[in-house]
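Heavy atoms only: backbone and side chains are in, while hydrogens, waters and symmetry mates are out. Residue numbers begin at 1 in each chain, while the letters A, B, ... track the order of the sequences.
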Amino acid sequence: MLELLALLTLTLIGLDDPGPLPGYSNDQKLAERVNKLAESEAVRVTSLAKTLEGRDLWLLELGYDEAKSKPALLIVGDVEPHRLVGSEIALKMAEDIIQNRDDPRADYLLRNRTVYIIPRPNPDGTQAFFQKPYRERHGNARPTDDDRDGETGEDGPLDLNHDGWVTWMRIEDPAGDYRVHPDDPRVMQKVDRSKGEVGTHFVYREGGYDQDEDGLIVEDGSLGVAFNRNFAFRYPYFGVGAGPHQVSEIETRAVADFMFDHPNIVAVLSFSPEDNLMHPWKADPAAAKAEIKEGLLPDDAPYFDAIAKEYRDILGRDDCPPSPKGAGSFSEWAYFHYGRWSFAARGWWIPTEEPSKVKDAPDAAHGEKTAAKNASTNEPRASQTSPEKPQAPEPEPSAASDAKEVTEKETADKDKEKDAEKGPTKTSDPDADRLVKELRYCDQNQRDAFVPWQRGEMPNHPELRVEVGGIKPFVLDNPPISEIPGLADKHLTFAHALAQKFPAIKVERKEVESVRRSFGRVTLVIRNVGALPFMSKMGQVNNIPPTLRLEWKSSDDKLPIGFVTGHARVTLNQLGAGQKHEFEWLIGVTESYQMNAQMKFQPKPKPPLSILLHSPTILPRTERIAVP
Amino acid sequence: MLFTYLALTALLLAADVPGDAAKPAGNEDQTEKKSINFNLKISTKGMNVPGNYQEGTSKPIYWRDILAPYQVMGAPPAPKVPMQWNRYHDHREMTEFLQKLAEAYPLQCKLTSLGKSYRGLDIWVLTITSDIRKADERTAMLIDGGIHANEIQATEVVLYTAWYLLEMQRQNPFIADLLRERTFYLIPAQSPDSRWHHMHLRNSTHSPRTGLRPRDDDNDGLFDEDAPNDFDRNGSITQMRVRDPNGGWKSHPEYPEVMVRVKPGEKGEFRLLGEEGIDIDGDGKINEDGPGYYDPNRNFPWQWQPDYVQRGADRYPLSIPEQRLVADFVMAHPKIAGAQSYHNTGGMILRGPGIKELKHDPRDLAVYNTLGKYGEGILPGYKYMEVATDLYEMRGGEHDWLFDMRGIFAFVNELFTPFNLFRDPNTKGFFSDSADLARFNKRLLFDQGFVPWKAWRHPFYGEVEIGGWRKEWTRQPPSFLLEEECHRNMAFTLYHAYQMPKIEIQKLEADKLRDDVWMVTATIANTRLIPTHAAVDIKRKLTPPDIAELRTSNGKVLAGMWSDEPFFEEPQKNKGKPERVRLPNIPGENARYVRWIVHGKPPFTVEVRSIKGGNATETFEASQHVDKRSPLLKSIFEWAKTRGVDE
């Protein structure tokens, strides 16, 4: 009871808590920033839903006029709510676009595209950042019975040493599957018994004790339903955080419905660990034939590879942690079920590679490529940008400090290399090896990420040798706030590059030819001058609308012609990048022609005839081609 | 109770006395009933009634010897809410009927709306049990119909079940007991929009299977723009045919209106052109984007895959609000242990799985088989089948979700069997053959079921003929077979409901080991066929375990254990608090044995709580104790001593 009270007071205090890293936006600040943006006439703000705890699920719509009919890019912030870096980058991108509208990137996006931004899709989960004790939370506020025993949250993690952080816990036990890492005694390494390694500890990523006295430790923290485990692709049925069924939650449903209701979305960029930009998905030839597709379709692979390469070039780093395979994840669902080009990025991670190994800054190469690509598109705006510097124009103060840090680190690392010439040990647990490097980075950059192991006693199990300490939540996944502007700038460059690749149409040829007195042949050749096909192969498999739609129209809505071949309404589902397609109609043009009862021909089409081209994902607005 | 009986008898008597026969039973108004009741008091005293004396008979007939009107078996003879079971009821009639039932039986049933459909109709759920205040405490049976709204008799069966349960509970002890044990949740129409559409707009017997939210079926950016048309304005979407020797179809030799495929060597007469329709949107295709299309019964979460794998799946599991309301209702009522969904057609009692590679556990199959075979016995012409292996593979079906994700034993009955046409055991196929349908149409429906072929000028095909089965025939029983369909299927669900788990503490014993150390043993039985947890439920931890808890006001529980045989040869030790023993399952028609060692004194109260099996409580009083110490008990005492319990 006392503890409950304590928790309650903590919660109350927690409302104004800045969080473990200063400068991140809590609900209130997020709402302020969002509403500030809404003052611009190029921004529309809506709340897609109210969460269980009453928070708004904000959606920003950026673009001049007719947003819904323009090809759109959807950006989703912290898909994993403890990685606030995603929501900060996404929001900062929006602010950059609106505040620097003369920036060619912003101008292009606002004029030719719509940018939808959902900065924080799971705000109840993110709230854990602003509340002591600090504890990473993947789920939303729905009470869940994580061990499925009929009781909810009866044995959750606790701040055992009352330092304001829910950290790790280790229990000494020869049966344990962890041991101390040879390079860094702070890190616990998972042992591989097949290699003769012997465990010494059991490790719990969140500490607690057996509160319900059932012999199990921290087995039910009522962790809620995770946004990134609740989608329908490769859904982890009955898993912790997966929810009662797919898309069961307020948040996931609101986002999925929004996406289905906006068929103009061409590509999705989300910030989540299932990154496929630093670690592009591998083409899966078996998936092409499989009934249920779970691997990247080979037809789509070249486009994913090219875009991922562009992203790596823009970021200029190559030491990203490995990408986990998702289960019920958002970004994979967006490709496999929603059928759109879906890209996921971590946004930020702790640099672990010595700067010498990081690729040389590829600015020059990237510039060339952008120019080449711009030349290949016919978007008028794009051609204007190419002579300019394609990347972030002036380095911001934070970027400068970044550079300083890098040089400092470089020297520090070189010193270290001299000290230990053999280099880091490679154990059977790559995650732990990485953690060693990450902690070293934290040491060098005065980031406090570790709580020293400290003996404690478990009330219900005094016989156990328990230590509390280890990695602090949030610190390893989120940068200091000063790094956000630089990151947002790079991602804006990427978003711009991506949006320029969208499919685009050029009418190459239009011919009207009289075959005989009674017939006419109309030919229309269009070419996809974008860098992406009309639709991904996965989109085609999923029968995702829309396609290009051609429609014969006369000004009085009655078509005075009959079709011998071709139809008044034609659709084109797919056209590869650079490819062309020829439409042909043979139409009746004399009175003697009568193909059917309804479409009687009149000698001379009185009202002017035209062909309308519609497509929300390709054309910003309906185009009209007059037929003489 | 007695008074009620007398009142009823009087009512019927009055109606049956010669000379007074004009008054039909059950239709009197309240005041009249009262006066008749009064008369009865006199008549039951055995007075001779002169009016009934007939000349020439040796024995006089006394009032008391005259029975109530001849009671036909089956339907209630004098229902409070009269209903006609040889016709179909639309949404308004259904709503009125349900409201009347709720008004007539306010203590036994409650009518609630789960929410509104897309077109704003209520999705009704009628809750029935003997005491509506206890509805949430009892093991429950879910019965739903009309998820595919064109399959309209499904709704009638659910309505009939509601009516029968409520109207018969006072007359039939089996129904009365069943309602004391069970709660019934009846959802007669899961897709009310499409039911209304099917009955009141132009359709075939197959449409609309979908709900009515517009979907772009042909991916052209337009929604529901090219549906079939009823050119001959007769209410039914029928077929188009055109004369063509190369068309591959010809008239049936005996029933010329019926089209049959030509066999090798035969000459064709017609080409079939599909349902009545034109190319409305000018894309060269006919009827390619009608109302809908999604399939509500492919939208449930288990093994759901998108439309490219499972046609009709829609956007994501439970993206269709009507079905989500139903699913949320089921999830909010964890005591539902049995479920029945009604569809048509073909005479099938179906169970999952819907996917071949996902086999059910043999223990669960044994339960299904017992229920299914019983169903075959009372539903002539119906076959008990597995969806995946005997019918087709499907994903996202409601019944699979109910069983695989909720642990509820669920059946789907495909109502109406071709066997019923002529009660011929050799009838082949689930959907009959068109010659049988035509013969029935000719000889029993007198041609009512067919729209004769008629010439029509089609804007694209030119001279065609339009004709075919009316929308009211081929998938649904005609009036004279409907009531039977309702009753037999209901009987199957009542058996299913009866066989849902029921927990009781059969025996509660306590032995004194020494002084104030006691050994308490409870025999906890499930007297019905269905276990408290299906094997799939245990495997996936769907329903929390059953709990047997010992409570004593003066003492401490030292140990708790359970066993599946009464001798505790290998007792299962309990983790955590010893007074609360968790039982993973109490199998059907079987028992579990729970034992506690207690330091204290009687009375000991044992409470069993099973979500699907119900609750039971027994108390062992000190006065019940008989000392019968044995060497075994002594050894247990020794063990107790090691735990620090003083002699």
(request) For each of R580(B), R406(B), R324(B), tally heavy-atom pairs with chain A at distances under 4.5 Å, and name the one with the top tally. (result) R324(B)

(message) Tell me which of these, D216(B), L542(B), D307(B), D218(B), has more heavy-atom pairs under 4.5 Å with chain A than the rest.
(response)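 Greatest number of close heavy-atom pairs with chain A: L542(B).
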
If you round to the nearest 0.5 Å, how far is [atom2] of [Y] from [atom1] of [X]?
X       : Y       : atom1 : atom2 : answer
L548(A) : D220(B) : CG    : CG    : 12.0 Å
Q305(B) : F233(A) : CD    : CZ    : 8.5 Å
Q246(A) : L318(B) : CD    : CG    : 8.0 Å
M405(B) : Y237(A) : CE    : OH    : 6.0 Å

Is any side-chain heavy atom of [Y] closer than 4.5 Å to one of [X]?
X       : Y       : answer
R395(B) : I292(A) : yes
V247(A) : S319(B) : no
N573(A) : N219(B) : yes
P544(B) : R148(A) : no

(message) Under 6.0 Å between ring centres: does that hold for Y316(B) and W333(A)?
(response) no

(request) Describe, in one word, how the ring planes of H337(A) and W304(B) are oriented to each other, choosing from parallel (under 30°), tilted (30 to 60°) and perpendicular (over 60°). (result) perpendicular

Is a salt bridge present between [X] and [Y], judged by a nitrogen-to-oxygen distance below 4.0 Å?
X       : Y       : value
E154(A) : K577(B) : no
E151(A) : R582(B) : yes
R315(B) : D261(A) : yes

(request) Identify the two heavy atoms, one from V541(A) and one from Y308(B), that lie closest to each other, and give their separation to 0.1 Å. (result) O-CB, 3.1 Å

(request) Let me know if F238(A) has heavy atoms under 4.5 Å from chain B in its side chain, its backbone, both or neither. (result) side chain

(message) Does any backbone or side-chain atom of M538(A) lie under 4.5 Å from a heavy atom of chain B? Answer side chain, backbone, both or neither.
(response)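 Side chain only.
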
Determine the option with the most heavy-atom pairs under 4.5 angstrom with chain B, choosing from [options].
options                            : result
E551(A), H614(A), E291(A)          : E291(A)
D210(A), V570(A), N542(A)          : N542(A)
D212(A), D145(A), D257(A)          : D257(A)
T571(A), L216(A), D149(A), D147(A) : D149(A)

(message) Tell me whether K335(B) at atom NZ has more than 12 heavy atoms from other residues, nucleotides or ligands lying less than 6.0 Å away.
(response) yes

(message) Can you tell me if K556(B) has over 12 outside heavy atoms packed within less than 6.0 Å of its NZ?
(response)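 12 or below, so no.
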
(request) Examine distances only and state if a side-chain atom of R569(A) and a backbone atom of G282(B) form a donor-acceptor pair shorter than 3.5 Å. (result) no

